[in-house]
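Here is the structure we will look at.
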Amino acid sequence: MTSENNAMTWDWLKLLCVTIMATLVFEHSQLDVRISELFYNNGHWLLEKGAQPYAFIFYDLPKALLIILAVYLIAILIIKYRQSRLNAIALNRNKLNLSKPSHNKLDKFLLPLPIREIGYLLLVLAIVPATIATLKGVTHVSCPNDLVIFGGELPYLNLWQNIVAATPAKCFPAAHASAGFSLYGLAFLPTLKKHRYQILKIVTLLGWSMGLYKMLFGDHFFSHTLVSMLLSLTIACALATLFFKDSIKAKAKSASKKHADTATSLLGTETSST
């Protein structure tokens with residue numbers, strides 16, 4: 001097993017450990033309180049909830065674009081699947097015309113990604129927000145604006161105390177930011193591997209801009225967005241391990257064979273020269 005294969009197998013577990021550690025260290029911490037105090041002054045938050053144009057730019061627009069992306073990916077997945085079925089049938093009947101592929105008018109509107117990668121991306125876009133939303137319903141962590149220290153009515157409890165008390169609040173981890181962080185799936189696509197770090201930077205900026213918007217009017221603490229980011233990255237990495245493990249193994253075998261052939265060729269050259 002190559003180092004690349006090992007990395008894909010274990011990176012998600014390392015990320016999960018980091019996520020758990022971040023939860024234990026930062027959730028219910030003075031750092032959270034101090035950061036939120038920067039956005040709260042004289043009984044008012046820096047930004048009013050629903051204030052425009054901020055709500056449109058950082059809430060409505062990102063959600064709409066992600067929904068459009070998901071619908072677009074579903075449409076592409078269906079089209080590509082139908083094309084593959086038709087091509088397979090045509091091949092079996094010896095009627096496949098390689099010089100003129102079917103549905104060529106649609107090709108310019110389709111992403112140059114295999115069906116497996118599109119399916120993976122769709123799954124990440126669905127599972128990441130769903131997982132975060134489920135955790136919110138289990139943790140019962142309060143939003144800053146619900147707490148007495150920020151003019152609310154609820155006490156500031158730690159994670160376990162909130163779970164036991166089953167408070168009505170549902171603010172941890174940050175769900176809105178997780179929608180942006182779900183695009184981490186793009187970074188694990190084999191086709192886009194060479195752009196991985198650029199994608200990670202852009203998605204991180206997008207997710208934190210969505211998370212910071214919610215922090216400005218007390219809907220989330222810093223740790224809520226941090227854990228949401230780490231958990232989204234963990235899920236994307238874990239699903240990539242399941243989806244692309246075979247392709248990594250095949251690539252590793254191909255690389256090993258290439259190296260063996262190169263070594264054999266060099267050995268043969270050295271033998272003939274002596």
Side-chain angles (χ1 to χ4, degrees), residues 1-16 18-19 61-84 87 101 103-104 106-132 176-211 225 228-256 258:
M1 186 177 290
T2 65
S3 59
E4 183 180 6
N5 197 16
N6 270 321
M8 284 296 293
T9 303
W10 296 107
D11 278 355
W12 70 270
L13 187 57
K14 296 175 185 176
L15 285 167
L16 179 60
V18 172
T19 303
L61 182 61
K63 286 181 66 175
L65 291 177
L66 286 166
I67 291 173
I68 292 172
L69 175 61
V71 173
Y72 172 60
L73 289 174
I74 292 172
I76 291 176
L77 189 65
I78 294 172
I79 293 171
K80 281 182 174 283
Y81 179 74
R82 285 175 59 87
Q83 284 183 345
S84 65
N87 289 341
H103 300 278
N104 56 356
L106 293 174
D107 288 346
K108 61 182 178 180
F109 298 107
L110 304 182
L111 284 175
L113 298 175
I115 291 177
R116 178 176 287 270
E117 294 189 14
I118 296 173
Y120 159 78
L121 191 55
L122 272 170
L123 200 58
V124 173
L125 290 174
I127 288 182
V128 166
T131 301
I132 300 297
H176 179 58
S178 73
F181 290 133
S182 66
L183 291 174
Y184 276 137
L186 290 167
F188 293 95
L189 298 179
T191 302
L192 302 178
K193 183 179 178 181
K194 63 180 179 180
H195 304 296
R196 175 168 297 174
Y197 293 107
Q198 290 86 346
I199 292 171
L200 288 173
K201 291 176 184 177
I202 293 171
V203 174
T204 300
L205 181 62
L206 172 64
W208 273 100
S209 66
M210 296 168 69
T225 303
S228 181
M229 177 190 74
L230 293 172
L231 187 56
S232 300
L233 193 57
T234 301
I235 294 171
C237 185
L239 289 176
T241 302
L242 294 175
F243 268 74
F244 308 127
K245 192 171 184 178
D246 291 340
S247 64
I248 292 171
K249 285 183 177 180
K251 182 180 177 182
K253 288 181 180 178
S254 176
S256 298
K258 183 178 179 181

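Note that the structure is predicted; figures quoted are calculated from it, not measured.
- Taking all atoms of both residues into account, the shortest heavy-atom contact from Y120 to A240 is CE1-N, 3.3 Å.
- With contacts defined as side-chain heavy-atom distances shorter than 4.5 Å, the pair L186/I202 does not qualify.
- With a 4.5 Å cut-off on side-chain heavy atoms, Y72 and I118 do not count as touching.
- The side-chain heavy atoms of L16 and L230, taken from C-beta on, include no pair separated by under 4.5 Å.
- Applying the side chain to side chain donor-acceptor pair (under 3.5 Å) test to every pair with at least one member in residues 182-192, sequence neighbours left out, gives these pairs: E117-T191, Y184-T204.
- Screening L121, I78, I68 against L73 for a side chain to side chain contact (heavy atoms under 4.5 Å, CB included) leaves a single residue, L121.
- Nearest heavy atom pair, residue T225 against residue G211, reads OG1-CA, 3.8 Å.
- Distance check: L122 CG to I127 CD1 gives 11.0 Å after rounding to the nearest 0.5 Å.
- Scanning all heavy atoms of the two residues, the minimum distance from V124 to P129 falls at O-CD, 4.0 Å.
- Minimum heavy-atom separation, T19 to L231: OG1-N, 3.8 Å.
- Scanning both residues, D11 and C237, for their nearest heavy atoms gives CB-SG, 3.7 Å.
- The shortest heavy-atom contact between R196 and A187 is NE-O, 2.7 Å.
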